[in-house]
**Q** 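I have a structure here, written as C-alpha cells, and I will follow up with some questions on it.
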There are 2 protein chains.
Amino acid sequence: MLLTVTIKHVAKAAGVAVGTVSRVLAKNKTVNEEIRIRVEEAIQELGYQPNTLGRSLRLNKTDLIGLVIPDITNPFFAELAKHVEMLASSEGYSVLLANSHDDPAAEQQQVQALLGRLPRGLILVPVSESTIGDLVSGKNTVTVDRPLQGQTLVGVDNRRGGYLAADHLLSLGHRRIAYMSGPPTLDVARERREGFVGRIREFQQQHPSQPLAFQTVDGNFDYRAGEELGNRLLRQEHPPTAIATASDQQAIGLMRAAADVGLSIPNDLSIVGFDDIPLASLVLPRLTTIRQPLAEIARIALKAILSRSSTPHDCKLEPVLVERNSTRAWPGR
Amino acid sequence: MLLTVTIKHVAKAAGVAVGTVSRVLAKNKTVNEEIRIRVEEAIQELGYQPNTLGRSLRLNKTDLIGLVIPDITNPFFAELAKHVEMLASSEGYSVLLANSHDDPAAEQQQVQALLGRLPRGLILVPVSESTIGDLVSGKNTVTVDRPLQGQTLVGVDNRRGGYLAADHLLSLGHRRIAYMSGPPTLDVARERREGFVGRIREFQQQHPSQPLAFQTVDGNFDYRAGEELGNRLLRQEHPPTAIATASDQQAIGLMRAAADVGLSIPNDLSIVGFDDIPLASLVLPRLTTIRQPLAEIARIALKAILSRSSTPHDCKLEPVLVERNSTRAWPGR
DNA sequence: CTGTTAGCGCTTTCAA
DNA sequence: TTGAAAGCGCTAACAG
C-alpha cells in the first residue's frame with residue numbers, strides 16, 4: 001500500500017517536529033545547519049512532496065492563475081494562453097483554463113467556477129460588461145484585449161493600429177479602400193475602425209482634391225466572416241484595391257474570397273490584417289499585418305496579477321506594422 | 001471589511017450545526033425539509049460559496065483535470081483542449097493546462113507541477129517515454145494521440161487512417177505518389193506511414209503490371225516542415241501527382257510550396273491531409289483529409305479519467321476520409 | 001434526524 | 001533555535 005507521505009512522516013524520520021520541517025521547506029534561515037541536512041535527507045529518502053491543498057488552505061491563497069478566454073481554438077487566444085502558461089509555470093504557478101465561447105452566461109459560469117478555486121488572480125478576455133462586472137470586482141483581475149469597468153486593461157493601442165494600417169495603404173497609393181471591422185459591439189473593433197477612419201479623414205482634409213473612395217463593413221473576427229464580407233466587398237461594381245481587416249483570420253478568409261473572384265494578391269488587391277498570428281507569415285502570400293506584442297501583453301498582465309497592485313492602471317502597448325507580401329503599391333503593375 | 005463567509009457562519013445564521021449545513025450542501029436526503037429551507041436561505045443571504053480547498057483537503061481529492069500537451073498553439077491540440085475543457089466544466093471540473101513544448105525536461109517538470117496539485121486525473125500527450133513513465137504510473141492517467149507504457153491510450157487507428165489516404169489516391173488513378181510523414185520517432189507518425197505504405201504494397205501485389213512510383217519523406221508536423229518537404233518533393237524531375245501528409249499543417253505548408261512552383265491544386269497535384277483541423281475546410285482549395293473524431297476522443301479520455309478504471313484499456317477510434325477539393329482524379333483534365 | 005468532534009496537511013504563533 | 005499546538009474550511013463518523 002502506497003501511503004502518501006506527509007510532513008509528519010518526514011518529521012518522524014528526521015527526529016524533529018513538523019514545525020521544523022515546515023521551516024526548512026520555507027527556507028527559513030533560523031534552522032540549524034545540521035538539522036536542515038537531516039530533514040532534507042529524510043525528504044529525499046521518503047520522496048516527500050508538499051501537499052498544495054494543505055498549504056493553500058492554511059495560507060488562504062493558491063498558486064493558481066485563472067485564464068478565461070472566448071475560445072482557445074482562436075489562434076490569437078491560443079498564443080496568449082501559451083505565453084501566460086509559460087510565464088506562469090516558470091514562476092511556479094499553474095493556469096486554469098476556461099472558454100466562454102463569447103457567451104455571457106457561459107462566461108459568468110466559468111468565472112464563478114474559477115473564482116471558487118480561489119486563484120491568485122484572473123486573466124480575463126471579457127465578453128460582457130454586465131454579467132461579470134461585480135462578480136470579479138475586488139478580485140485581482142486583469143483584463144486583456146477588451147476592457148471591463150473598474151479593471152486593469154492590458155492591450156494594444158487599437159486606434160493606433162488602425163491608423164497604421166490606413167497610413168500604410170494610403171502611402172502605397174491606394175485610393176479605393178475598404179475596412180473590414182469586427183463586431184461593432186466590441187470596443188476593440190470600434191477602436192481599430194476609428195483609428196483607420198481617422199487616418200482616412202485626415203488624408204482627405206490634407207488632400208481635398210484627391211479622389212478617395214472608402215467604405216466599411218463589419219462582422220465577426222473569424223475566417224468565415226472574412227470570406228463572406230470579402231465576397232460582398234469584391235463583387236461590387238467598383239471593388240476596392242485595398243482592404244484592411246480587424247483580424248488576421250478575417251484577412252485569411254478574405255484571401256479565399258479574393259481567389260474565388262479571380263483576384264491576385266497583391267497585384268489586384270492589397271490586404272493588411274491585424275494581430276500577426278503565426279499563420280499570418282505562412283499563408284500565401286505572406287500577410288502584411290499589424291502586430292500585437294502578445295508575449296509582452298502576457299508578461300504585463302501576469303505581473304499586474306502577481307504584484308496585486310491595488311489601483312487599476314491600464315496599459316496600452318504600441319502595435320507595429322509588419323510589411324510582408326500581401327500589400328503593394330498601386331497602380332502596381 | 002469583507003470577510004469570507006464559511007460554513008460556520010451559515011450554521012450560526014440558520015441556527016443549526018455545521019454538520020447539518022454540510023449535509024444540505026451534499027444534498028443528503030436525511031435532512032428535515034424545514035431546516036433545509038432555513039439553511040438554503042442563510043446560504044443565499046450570506047452569499048456563501050463553499051471553499052474548494054477545505055473540501056478537497058478533507059476528501060483528499062480535487063475537481064481538477066490536468067492537461068499536458070506539447071503546444072496549445074497547434075490547432076489540433078487547441079481543439080483537443082477545447083473539447084476537454086467543455087466536457088470537464090460541464091461536469092464541474094476545471095482544467096489545468098500545461099505545455100511541454102515537445103521537450104522531455106519541460107514535460108517532466110510540468111507533469112510534476114500538475115501532479116503536485118493532486119488532480120483527479122491527467123490527460124497527457126506525451127513527448128517522451130522515459131522521463132515521465134514512472135512519474136505518472138499509478139496516477140490515473142490517460143494518454144491521447146501518443147502511447148505511454150502502461151497507460152490507457154485513446155486515439156485514432158492511425159494505420160487505418162494512412163490506409164484510407166492511400167486508397168483514396170489510388171482509386172483516383174494516381175500512380176506517382178508521395179507520402180510526407182511526421183517525425184519517425186513518434187509512433188503516430190510511423191503508424192500512419194505504415195498504413196499508407198501498406199495500402200501501396202497491397203496495390204502493387206494486386207496489380208503487378210501497373211507502373212507505380214512511390215516515395216516517402218519525413219519531418220515535423222508543422223506548417224514549415226510541410227513547405228520545406230513540399231519544395232523538395234515538387235522540384236524533382238518527375239514530381240508526384242499526389243501527396244498525402246501526416247498532418248493538416250504539413251498539407252497547408254505543402255499547398256504553399258505547390259503555389260510557389262506554379263502547381264495548381266487539385267489540377268496538377270492532389271493533396272490529402274490528416275486530422276481535419278478547422279482551418280482545413282477554410283484553405284483554398286478546401287483540404288481533403290483524414291478526420292480524427294476529436295470530440296469523441298476527448299469524451300472517452302475524460303470518461304476514462306473520471307471512472308478510474310483500474311486496468312489500462314486502449315481505445316482506437318475510426319478515422320474517416322473527408323473528401324473536399326484538394327484531390328482529383330488523375331489524369332484530371 | 002441533528003449536534004459534536006476529529007482530523008485532512010500545512011504554517012505560524014507562543015513558549016521554552 | 002526548536003517543539004507544541006492552534007486552526008485554515010470542510011466532511012464523516014459517532015452519539016444522541
Side-chain angles (χ1 to χ4, degrees), chain A residues 1-43 46-64 92 113 115-120, chain B residues 1-43 46-64 92 113 115-120:
Chain A
M1 174 74 188
L2 214 72
L3 209 48
T4 91
V5 25
T6 78
I7 205 173
K8 253 185 192 163
H9 302 121
V10 177
K12 194 190 298 184
V16 297
V18 290
T20 306
V21 178
S22 177
R23 278 184 277 262
V24 341
L25 251 29
K27 302 202 189 324
N28 194 320
K29 292 302 185 189
T30 75
V31 51
N32 182 294
E33 181 70 6
E34 196 181 326
I35 291 192
R36 209 206 68 218
I37 304 221
R38 225 166 60 222
V39 170
E40 277 168 352
E41 279 172 0
I43 288 177
L46 304 179
Y48 167 74
Q49 295 268 113
N51 179 321
T52 339
L53 260 26
R55 172 180 294 164
S56 291
L57 180 59
R58 179 61 228 249
L59 299 182
N60 195 29
K61 67 180 182 185
T62 65
D63 290 346
L64 262 22
L115 249 23
R117 307 233 124 87
L118 306 181
R120 178 67 63 91
Chain B
M1 174 72 186
L2 216 69
L3 208 50
T4 91
V5 24
T6 78
I7 206 174
K8 253 185 191 162
H9 301 121
V10 176
K12 193 190 297 182
V16 297
V18 289
T20 307
V21 178
S22 177
R23 278 184 279 261
V24 342
L25 252 29
K27 302 203 191 321
N28 194 321
K29 291 303 186 188
T30 76
V31 50
N32 182 293
E33 180 71 5
E34 197 181 325
I35 290 192
R36 208 206 68 217
I37 303 223
R38 226 164 61 221
V39 170
E40 277 169 353
E41 277 171 2
I43 289 177
L46 304 179
Y48 167 74
Q49 295 269 113
N51 180 320
T52 339
L53 261 27
R55 171 179 294 164
S56 291
L57 180 59
R58 179 61 228 249
L59 299 182
N60 194 30
K61 67 181 182 184
T62 65
D63 290 347
L64 262 23
L115 249 23
R117 307 233 124 86
L118 306 181
R120 177 69 63 92

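Below, chains carry the letters A, B, ... as their sequence lines are ordered, and counting in each starts from 1.
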**Q** Please determine whether a side-chain nitrogen or oxygen atom of S56(A) lies at a distance below 4.0 Å from atom OP1 or OP2 of dC8(D).
**A** no
**Q** Identify whether any heavy atom of N51(B) sits under 4.0 Å from a base atom; if not, whether one sits that close to sugar-phosphate; answer base, sugar-phosphate or nothing.
**A** sugar-phosphate
**Q** By nearest atom, which of the nucleotides dT2(C), dT2(D), dC10(D) is closest to the V31(A) side chain?
**A** dT2(D)
**Q** Rounded to whole Å, please give me the gap between NZ in K61(A) and P in dG9(D).
**A** 16 Å
**Q** With sequence neighbours excluded, what pairs up with A113(A) under the side chain to side chain contact (heavy atoms under 4.5 Å, CB included) test?
**A** none
**Q** Report the distance from atom CD1 of I43(A) to atom C1' of dC10(C), rounded to the nearest whole Å.
**A** 13 Å
**Q** Which residue lies toward the 5' end of DNA chain D, R23(A) or L59(B), if each is placed at its nearest nucleotide?
**A** R23(A)
**Q** Is the shortest heavy-atom distance from the side chain of N51(A) to the side chain of T6(A) under 4.5 Å?
**A** no
**Q** With sequence neighbours excluded, give me every salt bridge (Lys or Arg N to Asp or Glu O under 4.0 Å) pair touching residues 21-34 of chain B.
**A** E33(B)-R36(B)
**Q** Would you mind reporting whether L25(B) and I7(B) have side-chain heavy atoms less than 4.5 Å apart?
**A** yes
**Q** Roughly how many Å is it from CG in L53(B) to C1' in dC10(D), rounded to a whole number?
**A** 10 Å
**Q** Contact class for L57(A) (heavy atom, under 4.0 Å): base, sugar-phosphate, or nothing?
**A** base
**Q** What is the distance, rounded to the nearest whole Å, between atom OH of Y48(B) and atom C1' of dC10(D)?
**A** 7 Å
**Q** Below the 4.0 Å mark, does dG9(C) have OP1 or OP2 next to a side-chain nitrogen or oxygen of T4(A)?
**A** yes
**Q** Using a 4.0 Å cut-off on heavy atoms, which residues in residues 14-21 of chain B reach DNA chain D? List them by number, or say none.
**A** G19(B)
**Q** May I have the distance from K8(A) (atom NZ) to dC10(C) (atom P), rounded to whole angstrom?
**A** 10 Å
**Q** State whether the side chain of R120(B) and the backbone N or O of D63(B) hold a donor-acceptor pair below 3.5 Å, judged by distance alone.
**A** no
**Q** Taking the side chain from T62(A) and the backbone from S56(A), do they hold a donor-acceptor pair closer than 3.5 Å?
**A** no
**Q** Let me know the distance between CD1 of I7(A) and C1' of dG7(C), rounded to the nearest Å.
**A** 16 Å
**Q** Any idea which of dT2(D), dC10(C), dT2(C) is nearest the T30(B) side chain?
**A** dT2(C)
**Q** Decide yes or no on side chain to side chain contact (heavy atoms under 4.5 Å, CB included) for K61(B) and L118(B), but give the supporting numbers first.
**A** CA-CA 7 Å; K61(B) 67 181 182 184; L118(B) 306 181; over 6 Å; no
**Q** Assign each of K29(B) and T6(A) to its nearest nucleotide of DNA chain C by heavy atoms, then name whichever residue's nucleotide is nearer the 5' end.
**A** K29(B)
**Q** Send over the distance from N60(A) CG to dC10(D) C1', rounded to a whole Å.
**A** 14 Å
**Q** Without decimals, in angstroms, what is the distance between E34(B) CD and dT2(C) C1'?
**A** 14 Å
